[in-house]
> 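Okay, here's the structure, questions in a sec.
A, B, ... follow the sequence lines: proteins, then strands. Residue 1 opens every chain. No experiment lies behind these values; they were computed from the predicted model shown.
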Amino acid sequence: EAGVTQFPSHSVIEKGQTVTLRCDPISGHDNLYWYRRVMGKEIKFLLHFVKESKQDESGMPNNRFLAERTGGTYSTLKVQPAELEDSGVYFCASSQDTKGYGYTFGSGTRLTVV
Amino acid sequence: EDQVTQSPEALRLQEGESSSLNCSYTVSGLRGLFWYRQDPGKGPEFLFTLYSAGEEKEKERLKATLTKKESFLHITAPKPEDSATYLCAVQALTGGGNKLTFGTGTQLKVEL
């Protein structure tokens with residue numbers, strides 16, 4: 001089975017620009033999660049989709065971040081405008097259920113804002 | 001607020017030298033405690049889930065244990081291929097949704 005795919009793998013943008021990250025979950029996984037790891041800190045939850053609906057977006061840092069999941073398939077995370085503190089590695093995970101053992105993580109997108 | 005603290009931050013072992021990694025946690029009702037392995041440039045890879053105090057799980061050279069306040073990941077006779085960052089995470093029964101709260105990880109290096 002194909003894993004969780006994220007792209008781009010790396011992105012370097014200037015402060016104030018817009019970046020869109022994409023995640024393709026494992027086929028058939030209704031649950032899709034976004035997490036982020038900022039340098040030196042722990043991986044932190046951003047939000048959770050069940051199919052196309054946002055189940056929990058309590059971890060989204062501010063309104064510069066917009067996540068969508070079209071038709072319950074792939075998801076995008078847009079940062080507009082990007083700030084320096086947005087730099088980090090953004091991970092996507094998907095699962096058939098909501099228990100942690102079912103999570104499959106992607107390899108992440110490393111975002112650098114300069 | 002749920003919290004996870006892992007120690008040590010980094011650990012260097014000789015091949016065959018057994019040791020333990022610690023994960024201390026506070027959570028408003030534990031649904032599960034998870035151990036993941038992360039290799040450089042990759043996402044976390046699931047290892048174990050523990051649900052209640054006293055539970056133990058094993059996989060090859062790894063054994064995870066759980067008490068009401070902490071979990072240990074015991075590594076017996078490690079090999080260089082066990083080198084990775086080991087992450088601990090908790091999932092709360094209520095109030096935290098389905099999210100995982102992670103620790104900062106222990107970076108393990110096993111040398112020949």
Side-chain angles (χ1 to χ4, degrees), chain A residues 2-10 21 23-26 29-51 53-61 67 88-110, chain B residues 1-7 9-10 23-52 55 57 59 62 64 66 71 84-107:
Chain A
V4 176
T5 305
Q6 292 186 246
F7 48 94
S9 57
H10 293 83
L21 314 182
C23 169
D24 285 80
I26 292 173
H29 282 190
D30 288 340
N31 295 278
L32 187 148
Y33 306 83
W34 284 97
Y35 284 80
R36 174 175 76 168
R37 183 166 195 165
V38 172
M39 179 77 75
K41 301 274 185 90
E42 70 275 20
I43 296 173
K44 281 195 169 181
F45 169 82
L46 294 178
L47 86 159
H48 170 207
F49 282 102
V50 178
K51 296 185 180 179
S53 299
K54 292 176 184 174
Q55 180 79 6
D56 179 359
E57 51 184 332
S58 62
M60 295 289 265
V89 182
Y90 290 77
F91 292 103
C92 174
S94 72
S95 68
Q96 286 184 315
D97 57 40
T98 55
K99 297 175 183 175
Y101 64 75
Y103 287 30
T104 301
F105 281 84
S107 294
T109 294
R110 181 174 295 277
Chain B
E1 185 177 327
D2 303 335
Q3 279 195 313
V4 176
T5 303
Q6 292 188 247
S7 62
E9 289 184 9
C23 170
S24 298
Y25 66 92
T26 54
V27 65
S28 53
L30 181 70
R31 173 185 283 177
L33 183 140
F34 306 90
W35 282 98
Y36 285 84
R37 169 191 171 128
Q38 186 175 19
D39 293 295
K42 303 286 187 181
E45 178 187 348
F46 171 75
L47 292 174
F48 303 108
T49 311
L50 301 167
Y51 296 103
S52 57
E55 190 173 0
K57 294 272 180 75
K59 180 180 180 180
L62 301 177
L66 181 66
S71 176
T85 295
Y86 290 85
L87 300 167
C88 175
V90 296
Q91 193 175 49
L93 274 172
T94 59
N98 296 307
K99 68 180 182 183
L100 298 178
T101 299
F102 282 89
T104 51
T106 293
Q107 195 170 355

> How about Tyr36(B) and Tyr103(A): are their ring centres within less than 6.0 Å of each other?
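Ring centres of Tyr103(A) and Tyr36(B) not closer than 6.0 Å.
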
> Is it the case that more than 12 heavy atoms not belonging to Glu55(B) sit under 6.0 Å from its CD atom?
yes

> Tell me, for Arg110(A) versus chain B, whether the close heavy atoms (under 4.5 Å) come from the side chain, the backbone, both or neither.
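No part of it gets close to chain B.
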
> Out of Pro44(B), Gly41(B), Gly105(B), Gly32(B), return the one with the most heavy atom pairs under 4.5 angstrom to chain A.
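Most heavy-atom pairs under 4.5 Å with chain A: Pro44(B).
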
> Quick check on the interface: out of Gln55(A), Gln6(A), Arg37(A), Lys44(A), who has the most heavy-atom pairs with chain B under 4.5 Å?
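So the answer, after comparing Gln55(A), Gln6(A), Arg37(A), Lys44(A), is Arg37(A).
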
> Of all the heavy-atom pairs spanning Thr104(B) and Lys41(A), show the shortest one and how long it is.
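That closest heavy-atom pairing would be CG2-C, 4.1 Å.
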
> Looking at Lys54(A), I want to see if its NZ is surrounded by more than 12 non-hydrogen atoms of other residues, nucleotides or ligands under 6.0 Å.
yes

> So which atom in Phe91(A) and which in Lys42(B) form the shortest heavy-atom distance, rounded to 0.1 Å?
CE2-O, 3.8 Å

> What residues form a ring pair (Phe, Tyr, Trp, His ring centres under 6.0 Å) with Phe49(A), not counting sequence neighbours?
none

> Using the test salt bridge (charged side-chain N to carboxylate O under 4.0 Å, His left out), find all partners of Glu45(B) that sit at least two apart in sequence or belong to another chain.
none

> Check whether Leu87(B) gets within reach of chain A through its side chain, its backbone, both or neither, counting any heavy atom under 4.5 Å.
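For Leu87(B), the side chain is the part near chain A, not the backbone.
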
> For the NZ atom of Lys99(B) and the CG atom of Leu46(A), what is their distance to the nearest 0.5 Å?
10.5 Å

> Is a donor on one side and an acceptor on the other found under 3.5 Å between the side chain of Tyr35(A) and the backbone of Leu100(B)?
yes

